[in-house]
Amino acid sequence: MDSLLNAHAGLIHRAVAAAQAAGDLPTFELPAVEIKPPARAEMGDYAYAGALAVAKLAGMKPLDIAQAIVKHLPAAEFVAGVEAVPPGFINFRLSADWLRAQVDTIITEGDAFGTISLGAGKRAQVEFVSANPTGPLHIGRSRGAIVGDTMARLLEAAGYAVEREYYFNNAGMQMKHLGTSLQIRYLQQLGADVVQPAPDDGTFYQGEYLIDFAKDLIAEVGGAWRDRPWEDFKEYAEKKMFGIIRDTLKRISIEHDVFFNENSLYESGAVWDTLKALEAAGLIYESAVRESEPDDVKAENAHLPPAKWFRSTALGDVEDRVVLKNDGSPTYTLPDIAYHLNKLARGFDLLVNVLGADHDTEHKVVKYGLKALGGDISKIHVIIMQFVRLIRDGKEVKMSTRRGNYETLDDLIDQTSPDAVRYMLLARSANSRLDFDLDLAVKQSSDNPVYYIQYAYVRTAGILREADVRGFSDADADLSLLGGEELAFIKRCLTLGDEIALSTQTFETHRIAFFAQDLANLFHPMYDRVRVFGEGIDDDIARARLRFYKGANVVFRRVLSLMGMSTPDRM
RNA sequence: GCCCCCAUAGCUCAGUGGAUAGAGCGCUGCCCUCCGGAGGCAGAAGCGUAGGUUCGAGUCCUACUGGGGGUACCA
């Protein structure tokens with residue numbers, strides 16, 4: 001089914017064209033049609049404010065335009081009434097009969113309910129998490145994990161074929177430190193006389209997990225690795241670490257389709273090809289400092305070995321960027337550009353990138369690079385997330401990967417639940433900072449909205465179970481017996497398609513969390529009043545309501561699974 | 001210094017240039033205890049400051065104030 005917003009917008013478009021053809025409206029290009037629910041329910045279900053916007057363009061009073069549009073509006077089965085009201089709004093009212101009939105549509109569509117055709121026939125890729133395997137995932141990474149996976153789920157619901165990708169680098173200094181740290185732990189476990197670096201030594205990973213790895217390694221090979229080089233330990237640690245990371249992600253229902261190793265871009269020569277291409281475009285220069293620096297700064301640094309700079313300012317950047325360090329090795333920018341060229345070459349229609357706020361500048365530089373090399377950056381969308389701050393006892397908890405005293409995602413899941421973690425990290429706009437209150441998340445009470453939402457689903461399941469026990473069927477239900485409260489709930493359910501469209505167009509995953517909360521807020525008061533079984537409720541009404549709650553059950557299951565949350569029948 | 005993000009109710013946050021700005025928690029008072037109470041009803045309370053654009057601004061622009069992030073040789 002098409003979204004209701006689109007359906008209404010279609011009516012407006014046709015009406016304007018018809019009014020123009022009939023000479024009731026002058027010819028003008030209709031600007032983007034915005035349909036919204038009106039401010040108050042009494043005004044109707046959908047409202048169009050376009051007549052106000054085009055008044056000047058058309059040279060007519062807004063209300064006259066609105067009336068002309070209404071006059072030519074084609075009939076539609078979902079519309080029960082339309083009126084043009086001052087100062088120039090057009091208000092639509094949905095047909096109650098049509099709404100009631102949607103209960104059956106919802107049940108028929110089942111887990112596909114809300115699916116739209118926006119991305120039909122298109123391929124999208126979402127790249128997220130992308131943490132190097134130097135340690136377990138921590139809270140900072142988990143926000144991107146949830147946002148990325150939810151974005152992927154929403155894109156799937158929008159009709160896209162979606163691939164989830166994890167980009168990682170297993171070379172570099174940090175991985176070497178991981179290898180040497182495991183080597184030290186291994187030798188320690190064997191009782192060898194090794195010096196353990198001080199806690200503030202940046203080259204040593206203090207985390208308990210490396211002691212566990214060392215024990216596992218001894219169980220496998222005993223003391224045979226005493227004289228092995230650090231590279232072997234690095235490889236072992238990396239493999240173990242990826243296993244842990246994948247297990248953690250799986251606990252919160254995240255599985256990637258592709259793991260892309262940055263190193264392959266060096267092996268294929270793509271990194272150096274990228275540099276050559278930028279050089280060929282005349283956008284690389286060799287210098288100790290930026291060429292924009294004043295002469296005295298240049299002179300001061302003239303003795304330093306030169307680096308290679310990307311003249312990104314030529315493409316609109318605020319300053320040039322180093323792409324090759326003065327030791328001859330690339331900065332992260334070069335492989336990043338090569339990686340995105342690779343992604344573009346794989347033929348996706350949409351590339352979504354989920355990054356932390358610390359990468360905000362970096363992704364812009366990558367885009368300048370792609371632009372310089374003719375890449376189609378309109379296909380790339382980056383979600384920049386502000387940081388997560390952990391709060392315990394009302395105070396911020398400091399995190400540090402290397403010292404090992406940070407909160408891991410696994411710890412958090414253990415303390416709360418996968419569902420609570422998913423919801424709390426989702427229910428906030430990506431460009432707002434997120435305070436994760438550990439005390440609140442640990443509390444299993446209604447303070448935590450995840451329970452309120454899931455409880456709505458549980459209640460629908462409870463009704464269906466009760467019907468089963470009583471042997472009561474909803475066969476031949478007469479949906480015309482449903483009341484106003486049920487209709488209001490159905491209306492909200494039917495906006496799921498619009499939510500999915502908007503979320504995927506604006507790349508905002510928090511919307512679905514608020515939608516779920518809204519739905520639960522409508523559900524619980526209704527549940528209290530609209531009962532299926534009880535004194536004075538006759539069988540006809542009970543059948544209609546049972547059918548209705550069956551539909552509600554489908555909707556909650558769908559919404560929860562879009563958020564990657566579980567759907568327990570009991571709590 | 002320069003660049004990016006943020007500022008809405010006591011707290012945490014929604015809000016697509018449209019009509020009387022919403023929710024959760026907390027607070028105050030009440031109801032129910034029934035398809036599993038992790039429930040329901042009602043109430044008090046708000047757009048950082050100053051300009052500008054617009055028929056119309058929480059939303060767009062400028063400045064300011066406050067908080068966060070970034071600013072080659074960590075990714």
Side-chain angles (χ1 to χ4, degrees), chain A residues 5 32 34-36 38-40 43 47-50 52-53 55-56 62 85-89 91 130-132 134 168-169 172-174 202 262 289-290 305 307-310 317-327 329 331-333 335-336 356-362 364 384-387 389 391 394 427-435 437 440 444-456 458-467 469-470 472 498 502 505-506 510-511 513-514 517-518 520-521 524-529 531-535 542 545-546 549 570-571:
Chain A
L5 279 186
E34 333 154 3
I35 310 271
K36 293 176 84 159
R40 283 171 291 155
M43 296 168 173
Y48 176 69
L52 292 157
K56 212 171 247 179
V85 297
F89 292 100
N91 292 333
S130 296
N132 291 336
T134 54
F168 70 99
N169 176 13
M173 252 336 149
Q174 300 306 323
E262 177 186 328
V289 293
R290 289 193 177 85
K308 284 197 178 180
W309 298 78
F310 169 35
D317 201 356
V318 291
E319 57 186 15
D320 293 339
R321 312 287 171 171
V322 171
V323 289
L324 211 62
K325 300 176 205 166
N326 55 21
D327 67 0
S329 65
T331 63
Y332 42 83
T333 304
D336 256 12
D358 52 339
H359 286 64
D360 197 14
T361 305
E362 170 62 6
K364 285 171 187 159
I384 294 288
M385 289 168 316
Q386 300 303 309
F387 286 164
R389 196 166 53 159
I391 308 290
R428 207 120 307 172
S429 155
N431 48 18
S432 285
R433 260 178 51 161
L434 193 158
D435 282 354
D437 188 329
L440 180 70
Q444 295 217 345
S445 72
S446 58
D447 295 2
N448 193 337
V450 64
Y451 295 104
Y452 191 73
I453 294 163
Q454 270 179 330
Y455 192 50
V458 167
R459 282 179 145 177
T460 62
I463 293 168
L464 303 186
R465 195 164 50 237
E466 179 70 14
V469 169
R470 295 178 185 232
F472 189 83
D498 293 326
L502 193 58
Q505 283 167 329
T506 60
H510 67 281
R511 291 178 178 280
F514 283 90
Q517 172 90 50
D518 270 5
N521 285 348
H524 288 294
M526 176 179 67
Y527 173 89
D528 219 42
R529 289 184 285 266
R531 311 188 59 75
V532 176
F533 305 111
E535 296 279 318
R545 290 179 175 176
L546 179 57
Y549 281 115
R570 299 167 189 268
M571 282 167 72

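To find a chain, count down the sequence lines: A is the first, B the second, and so on, and within it residues start at 1.
The side chain of A/Tyr451 sits closest to B/rA38 out of B/rA19, B/rA38, B/rG18. Side-chain atoms of A/Val532 lie closest to B/rC35 of the nucleotides B/rG18, B/rC13, B/rC35. In the set B/rC35, B/rU71, B/rC13, B/rU71 carries the atom at the smallest distance from any side-chain atom of A/Glu319. Side-chain atoms of A/Ala307 lie closest to B/rA72 of the nucleotides B/rA72, B/rC41, B/rG69. Which of B/rC4, B/rG70, B/rA72 sits closest to the side chain of A/Thr361 comes down to B/rG70. Closest to the A/Tyr455 side chain, of the nucleotides B/rA14, B/rA38, B/rG40, is B/rA38. Closest to the A/Asp528 side chain, of the nucleotides B/rA19, B/rU16, B/rG39, is B/rG39.
Residue contacts for A/Ala47: at a heavy-atom cut-off of 4.0 Å it reaches a base atom on one of the strands shown. Among the protein residues, A/Asp327 comes within range of no part of the nucleic acid, since none of its heavy atoms lies under 4.0 Å from any strand. A/Asp317 comes within contact range of no nucleotide atom at all, as no heavy-atom separation falls under 4.0 Å.
Comparing B/rC13 with B/rG18, their P atoms sit 24 Å apart, to the nearest whole Å.
In this structure, A/Met173 and A/Gly462 both approach RNA chain B, and ranking their closest nucleotides by distance from the 5' end singles out A/Gly462.
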